[in-house]
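Values in this document were obtained by computation on a predicted structure and should not be read as measured data. In what follows, chains carry the letters A, B, and so on, assigned in the order in which the sequence lines appear, proteins first and then strands, with residues in each chain numbered from 1.
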There are 2 protein chains.
Amino acid sequence: MRPTLQTVADAVGVSRSTVSNAYSRPDQLSPELRDRILSTAARLGYSGPDPTARSLRRGRVGSIGVLFTGQLTYAFTDPFAIQFLIGLAEAAEHHNTGLLLLPLSEDDEEAAARSVREALVDGFCVYCVPSDWYRSLAQINPRGLPVVGAELRDREAGAMFVGIDEAAATRAAGEHLIRLGHRRLAVIIDRGTPGRGTGPLRVDDFDTLPHYVARERLRGYRDAFTAAGVDWPTVTVVNAAANTRAEGAAAAAHVLDRADRPTAVFAITDLLAFGVLDALRARGLRAGRDVSVIGFDDIPDAATARLTTVRQPAVERGRAAGVLLLDPPPEAADRQVVLPTELIVRASTGPAPTATPTERN
Amino acid sequence: MRPTLQTVADAVGVSRSTVSNAYSRPDQLSPELRDRILSTAARLGYSGPDPTARSLRRGRVGSIGVLFTGQLTYAFTDPFAIQFLIGLAEAAEHHNTGLLLLPLSEDDEEAAARSVREALVDGFCVYCVPSDWYRSLAQINPRGLPVVGAELRDREAGAMFVGIDEAAATRAAGEHLIRLGHRRLAVIIDRGTPGRGTGPLRVDDFDTLPHYVARERLRGYRDAFTAAGVDWPTVTVVNAAANTRAEGAAAAAHVLDRADRPTAVFAITDLLAFGVLDALRARGLRAGRDVSVIGFDDIPDAATARLTTVRQPAVERGRAAGVLLLDPPPEAADRQVVLPTELIVRASTGPAPTATPTERN
DNA sequence: AGTAGCTTCTGTATCGATACAGTACGCGCT
DNA sequence: AGCGCGTACTGTATCGATACAGAAGCTACT
């Protein structure tokens, strides 16, 4: 039988409590006794208090749950997501806490709910979960644990929140394009429709996009363009099958080969924007001259690629979420964090070509 | 006070066990009673059995620990690592199990040991841990939980193991280069020395490299080249500061600008190989003509980049590790899995240039 | 009627620890 | 001696569930 605290206590001739203290509260007993306890424990093959029992008694398990849906692949392919996770992990490590990745099945809602209900965690962070998957954070977590969300509605519902003003960020990017004279825009998003591949999306779809982020970022662009008098329905929205460079290029092909090629393309992530740059290169088009390209995230490679993009503090977002979960500020106001974004202008955007594209160069 | 099983049992007028069964063994009671229990539970705000208490009683927590060291950043920047994790997550999801990421501090060995000792997991998977960090898997896990390793010595120690024959894989790659007439080789590795930046490594260092993978892959190359009569010490080993494209390019610069430029460069990962390709391009050199480049992993982008590389089944490795942990085969022999690798020849390797490189085009 | 067998539910023991109040004891001070 | 106080340790109650043996009730068959 595996040894327990009691086994060790009996062997040393002290009470169970004292052995417990030897591990968890070294200041509560004399160093000699502690050594004696630890060495007999080692002799008996006892490797410290059972984590499960300890958690039950203490009421804290020492890990926070990270909720995903669908493809874990997605979550790990997205550089932003990874940065976020790194920030979260930093905060967690600081609190001696682990991260429990909880892949939630998208098909079996029952099983997903069970995963959440049965997870051994002290709190949840909603990571890559489509908006229509849950109505509110309360639904995700009937257990009353702390949960931090990343969507505006979470913020409005008074839940803990860490995010950015997505729409304001893309509005700034849109205004930049407007100032440069662009009037024909194409937008490339991913996860626009579940299960559908690459292809144009009807623009009136976009208010019902399953992902909050896509919805909001599109809204920001629309606001910038309609404010400048551009008719929004002329904007083409193309869905990419995945958030990858290759799919970005494939999606870009849908608009670049048209006669009324847009003068500017907004990609909802930098990764997709890289694909757009690839597609331009493959066609002998110059980014920032023939077609302006603008991304989102400012991932590390964006600077090298000279990509104009919206920078968001990804690591900081993760860290802030971790801090909220691990020691929530007493003031409710401090439990909602909105981080700043910044438009980083690089060489991939420039004045809209005045002539028709084919006449240039 | 939060409701417990007892609270619900009292409200419904049944025993605690019956309420427990309502959640965990629906076949043990009549559907009517079950409904009655679940609805009063909902009314009382009881959200199912407490996971901690359940884990204590059941002796299973429903998650497996993934051990890292150092930068979580590293673990998530490496495409192979991510593929591995995806495979692991797949197996885990299948068993209704979560993944607990355990970042182990490299500085504070005491704290790291405590993390392992106190982790709420059913088993461990050693993920990105340098070889000199532990002597054997037994040391990592004094609790007697299942552990799966990825190093040969783990296999030799009879522990659970999932891996590839690293040295054989690179030997095949080396033989390919030899057949093409290459005799001057440079090798680019990362994590060659902890804390050191980009730069050449003394070749006699490599048997003491902290990472098993680097050691073994170098060994395979050495074997191939020495078998062909090439003096191994003429091979330059360059350490890259990180496993990134940019650092790969920086490391490549150390050998490409020399007079006796190698005719072939082996990068220990595809990511580094991409950097080498970038460095070649920047110098107007043609991959596969002027300098052959060979990578390792066969990550998705490798095909597009036409990179010759060694393919290893990354996702499969993760999945196999998960299966071993989650339901270990009864036969000891089946608890050690060696997966196949395959040399994928693409355009980045070609015959060694016969004249000196500068004379050719 | 008796008993066998099934389903449905109950009751107690147990998982392995920590919290907290309490005891014992030594020491300095008056 | 008597009192106060701090340190070192003990003992019991408790955390919230599940396992398992057994009881009760009901049908079916001889």
Side-chain angles (χ1 to χ4, degrees), chain A residues 1-38 40-41 44-62 114 117-122 142-145, chain B residues 1-38 40-41 44-62 114 117-122 142-145:
Chain A
M1 208 191 67
R2 284 179 61 70
T4 71
L5 272 189
Q6 187 70 71
T7 321
V8 178
D10 293 348
V12 181
V14 296
S15 83
R16 182 162 73 242
S17 311
T18 303
V19 181
S20 171
N21 285 334
Y23 286 94
S24 310
R25 310 174 130 181
D27 56 312
Q28 294 293 308
L29 67 169
S30 60
E32 303 79 47
L33 180 56
R34 177 158 193 262
D35 283 349
R36 203 147 57 87
I37 290 176
L38 294 185
T40 43
L44 295 174
Y46 178 75
S47 51
D50 179 280
T52 317
R54 156 182 294 204
S55 295
L56 173 60
R57 188 62 250 238
R58 292 225 245 211
R60 176 178 182 279
V61 299
R114 218 179 36 232
R117 215 183 56 205
E118 299 180 354
L120 279 158
V121 296
D122 297 318
R143 289 159 61 190
L145 296 175
Chain B
M1 209 190 69
R2 285 180 61 71
T4 71
L5 272 189
Q6 188 69 69
T7 320
V8 178
D10 293 348
V12 180
V14 295
S15 82
R16 183 163 71 243
S17 311
T18 302
V19 180
S20 172
N21 285 334
Y23 285 95
S24 310
R25 310 174 130 182
D27 56 312
Q28 294 293 308
L29 66 171
S30 61
E32 303 78 46
L33 179 56
R34 176 157 192 263
D35 283 348
R36 203 147 56 85
I37 290 176
L38 294 185
T40 41
L44 295 174
Y46 178 75
S47 52
D50 179 280
T52 318
R54 155 182 294 202
S55 295
L56 172 61
R57 188 62 250 237
R58 293 225 242 209
R60 175 177 183 279
V61 301
R114 219 181 35 233
R117 213 184 59 204
E118 300 180 353
L120 278 159
V121 296
D122 297 317
R143 290 159 62 189
L145 296 176

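- With contacts defined as side-chain heavy-atom distances shorter than 4.5 Å, the pair V12(B)/V19(B) does not qualify.
- For R25(B), the CZ atom is loosely surrounded, since the number of other residues' heavy atoms within 6.0 Å does not exceed 12.
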Write down the protein N/O and nucleotide N/O pairs, taken from nucleotides 5-8 of chain C, whose separation is under 3.5 Å; answer none if there are no such pairs.
none

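- In this structure the side chain of T40(A) reaches within 4.5 angstrom of the side chain of V8(A), judged on heavy atoms.
- With values rounded to the nearest 0.5 angstrom, S47(B) atom OG is found 11.0 Å from E118(A) atom CD.
- For the atom pair CZ (R2(A)) and OG1 (T7(A)), the distance works out to 10.0 Å, reported to the nearest 0.5 Å.
- Every residue was checked against the side chain to side chain donor-acceptor pair (under 3.5 Å) condition with S20(B), not counting sequence neighbours, and none meets it.
- From one end of the helix from dA1(C)-dT30(D) to dT30(C)-dA1(D) to the other, with five pairs defining each end axis, the axis direction shifts by 50° (rounded to 10°).
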Counting primed atoms, P, OP1 and OP2 as sugar-phosphate and everything else as base, the B/S/- map of nucleotides 15-21 of chain D against protein heavy atoms under 4.0 Å is BBBBB--
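- Shown here are the side chain to side chain contact (heavy atoms under 4.5 Å, CB included) partners of L56(B), two or more places apart in sequence or in another chain: T52(A), A53(A), L56(A).
- For S24(B), the side chain to side chain donor-acceptor pair (under 3.5 Å) partners at least two apart in sequence or on another chain are R54(B).
- How far CZ of R34(A) is from OG1 of T18(A): 13.0 Å, rounded to the nearest 0.5 Å.
- Between L120(B) and S55(A), the closest side-chain pair of non-hydrogen atoms falls below 4.5 Å.
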